[in-house]
Amino acid sequence: RGGVEWRALGAWALAIVLGFSFTTVATTADNVLFTGFLSDSWLGHNGLGWIVTFLVAGGVYALLGGARDRREFSEEAQHAR
C-alpha cells in the first residue's frame, strides 16, 4: 500500500470537507468568494469549525478501526518473544 493509511486519509478528507462547510472566504463584505452551508451557524460565526473537523476526523478514524498494527509477524519473530 506504499505506506499510505487509507482509513486515516479517508477520515481526514471527509473531515476537511465538513470543516469547509463552516467557512466563509471573503476579501471584503461585498466580495464573498466562498460560503459554506453551515457558515451561518454558531460554530461558523465564531470560527470553531476546526473543532468539528478535528472531532469528526478522530471519530471516523476510530470507527474505521483506528491505529492498529497490521504488520505480519513471522513464526520466528513470534517465538523470539
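Throughout, residue positions are numbered sequentially from 1 according to the sequence presented. Basis for what follows: all heavy atoms, side chains included, without hydrogens, waters or symmetry-related copies. Not measured: the values here are computed from a predicted model.
- The heavy-atom pair separating Ala11 from Ala57 by the smallest distance is CB-O, 3.6 Å.
- Going from atom CG of Leu33 over to atom OG1 of Thr24 covers 10.5 Å, rounded to the nearest 0.5 Å.
- In terms of heavy atoms, Phe20 sits closest to Phe34 at O-CE2, 3.4 Å.
- When side chains are defined from C-beta on, Leu38 does not count as touching Leu43, because their heavy atoms never get closer than 4.5 Å.
- Taking 4.5 Å as the limit, every side-chain heavy atom of Val25 sits out of range of all side-chain heavy atoms of Val32.
- For the pair Asn31 (side chain) and Thr27 (backbone), a donor-acceptor distance under 3.5 Å is absent.
- Contact detail for Ser39 and Thr23: the closest heavy-atom pair is CB-O, 3.8 Å.
- Atoms CG and CD1, on Asn46 and Ile51 in that order, are 10.0 Å from each other to the nearest 0.5 Å.
- Leu63 and Val17 fall into different hydrophobic clusters, where Ile, Leu, Val, Met, Phe, Trp and Tyr side chains are chained together by heavy-atom contacts under 4.5 Å.
- Across Tyr61 and Glu5, no two heavy atoms sit closer than the pair OH-CG, 4.0 Å.
- Taking all atoms of both residues into account, the shortest heavy-atom contact from Gly19 to Thr53 is CA-OG1, 3.0 Å.
- Annotation: the span from Leu55 atom CG to Trp50 atom CH2 amounts to 8.5 Å, rounded to 0.5 Å.
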